[in-house]
Amino acid sequence: MASQVIKVQTVCRNIIAVARNYTEHAKELGNPVPKENPLVFGKPVSSIITEGEIQIPHGWKELHHEVELGVVIGKPGKFIKPENAMDHVMGYVLVLDMTARSIQQELKKQGYPWFLAKGFDTSCPISDFIPKSAVKDVHNLNLKLTVNGITKQNGNTKDMIFKVPDLLSYISNYFKLEYGDLILTGTPSGVSGVKHGDIIEASLDDLAKIKFPVVENEK
Amino acid sequence: MASQVIKVQTVCRNIIAVARNYTEHAKELGNPVPKENPLVFGKPVSSIITEGEIQIPHGWKELHHEVELGVVIGKPGKFIKPENAMDHVMGYVLVLDMTARSIQQELKKQGYPWFLAKGFDTSCPISDFIPKSAVNDVHNLNLKLAVNGIIKQNGNTKDMIFKVPDLLSYISNYFKLEYGDLILTGTPSGVSGVKHGDIIEASLDDLAKIKFPVVENEK
């Protein structure tokens with residue numbers, strides 16, 4: 001097969017993310033781990049960036065980083081069985097699920113949607129596309145993130161509570177998956193605040209590396 | 001200008017909705033009316049249907065209908081001033097923001113995202129596109145919805161708490177708006193449950209009419 005350069009930011013029409021998919025991360029935020037089903041939320045495609053700066057909306061002062069494995073859908077489907085789920089995957093991206101943590105906590109207290117805290121512009125930095133064939137075992141990938149050179153997150157996808165086939169199967173029961181859709185699979189522990197002037201670097205094994213400076217908007 | 005047939009379901013890459021934008025609707029659900037800013041959430045584009053049935057996911061038994069005016073973006077923008085906001089609008093659609101109300105209440109109690117309750121497949125039925133020129137006053141449009149011939153919702157866009165220019169301006173501060181984006185502007189009072197076998201009909205003045213039967217999935 002000829003190598004394709006997939007531009008996820010162009011083909012993607014849906015981003016669906018799971019919350020609390022790593023035990024240690026749920027614990028560090030004092031959140032119960034989901035027992036039965038994954039907890040899903042959306043990010044708008046307008047939040048994707050592939051270069052440039054992560055922009056903190058004016059006045060929000062701080063964001064939390066969340067380094068994640070992103071799964072890119074190639075073959076559409078609905079009611080996908082877990083044993084067939086990986087057939088629907090065409091590749092991966094390394095993702096930062098940037099989150100306005102204090103905004104999110106306020107929204108949660110009132111039972112409000114998370115959308116503003118999770119979906120603001122530049123809240124979804126992604127790496128170049130990684131073809132499926134480049135990954136031997138999707139459940140043994142190292143996720144690492146540093147802020148200003150100091151390691152903050154250092155996890156492995158083997159610690160996912162809901163593994164990729166189960167995530168895709170569950171999500172596809174309610175949301176039909178299309179070519180280009182991006183599924184964010186959760187973040188390990190070590191989330192912390194970043195502010196204006198900080199620099200985030202992250203890696204997925206030796207498959208992808210990203211670097212994004214953080215600024216706060218002046219207006 | 002030559003008349004274009006805009007297929008919102010094809011060009012749309014983002015659906016952003018506002019909750020509680022009609023006082024009487026907030027009251028009927030026992031919810032406080034937002035004071036300062038609109039309350040925003042997202043629906044995935046996978047939820048859009050233009051024909052066929054509204055499908056209740058298996059086991060959920062009932063959905064609530066919410067008839068809304070949808071605003072379709074033509075000219076992209078960010079940090080849009082209210083006085084310029086209508087320049088970014090290319091037209092409208094009539095929308096049903098179908099909602100799994102009991103799922104939503106459970107999610108709210110736990111501070112969870114609304115995404116599953118608001119974004120499942122077929123939860124965003126829309127009418128044909130209405131060009132901007134067909135609407136004299138976007139803040140004087142009648143929104144009507146009937147279930148099995150009985151009128152349930154009968155409101156007017158003049159009762160919006162946050163008017164369209166202010167909504168677009170606020171949303172564009174955090175989410176850059178692109179061509180084809182769909183903004184749902186809230187629902188008047190009268191939301192009620194629909195179950196397998198019910199038929200929903202709705203109209204936006206004499207500009208659009210839609211009809212969707214409701215079924216519950218067998219699996």
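Of the residues considered (A/V40, A/N173, A/I15, A/N31), A/V40 shows the highest number of contacts with chain B, using heavy-atom pairs under 4.5 Å. Most heavy-atom pairs under 4.5 Å with chain A: of the set B/G111, B/S47, B/P32, B/A19, this distinction falls to B/G111. Heavy-atom pairs under 4.5 Å with chain B peak, among A/K43, A/Q55, A/K78, A/H58, at A/K78. Counting heavy-atom pairs closer than 4.5 Å to chain A, the top-ranked of the candidates B/Q110, B/K108, B/K118, B/Q105 is B/K108.
A/D128 CG: 12 or fewer foreign heavy atoms inside a 6.0 Å radius. Environment of CD in B/E51: sparse, with no more than 12 heavy atoms of neighbouring residues, nucleotides or ligands closer than 6.0 Å.
Taking the side chain as every heavy atom from C-beta outward, A/W114 and B/F115 never approach each other to under 4.5 Å.
Checking side-chain atoms of A/R13 against main-chain N and O of B/C12 turns up a donor-acceptor pair under 3.5 Å. With hydrogens and angles ignored, the 3.5 Å screen pairs no side-chain donor or acceptor of A/N14 with any backbone N or O of B/P44.
A cation-pi arrangement is present between A/K219 and B/F79 under the rule of less than 6.0 angstrom and at most 45 degrees off the ring axis.
Checked against a 6.0 Å centroid threshold, the rings of A/Y112 and B/F41 do not count as neighbours.
Between B/P57 and A/Y174, the shortest heavy-atom contact is CB-CE2, 3.9 Å.
Only the side chain of A/L39 comes within less than 4.5 Å of a heavy atom in chain B; its backbone stays farther off.
Taking CG of A/L177 as the reference point, atom OG of B/S46 lies at 8.0 Å (rounded to 0.5 Å).
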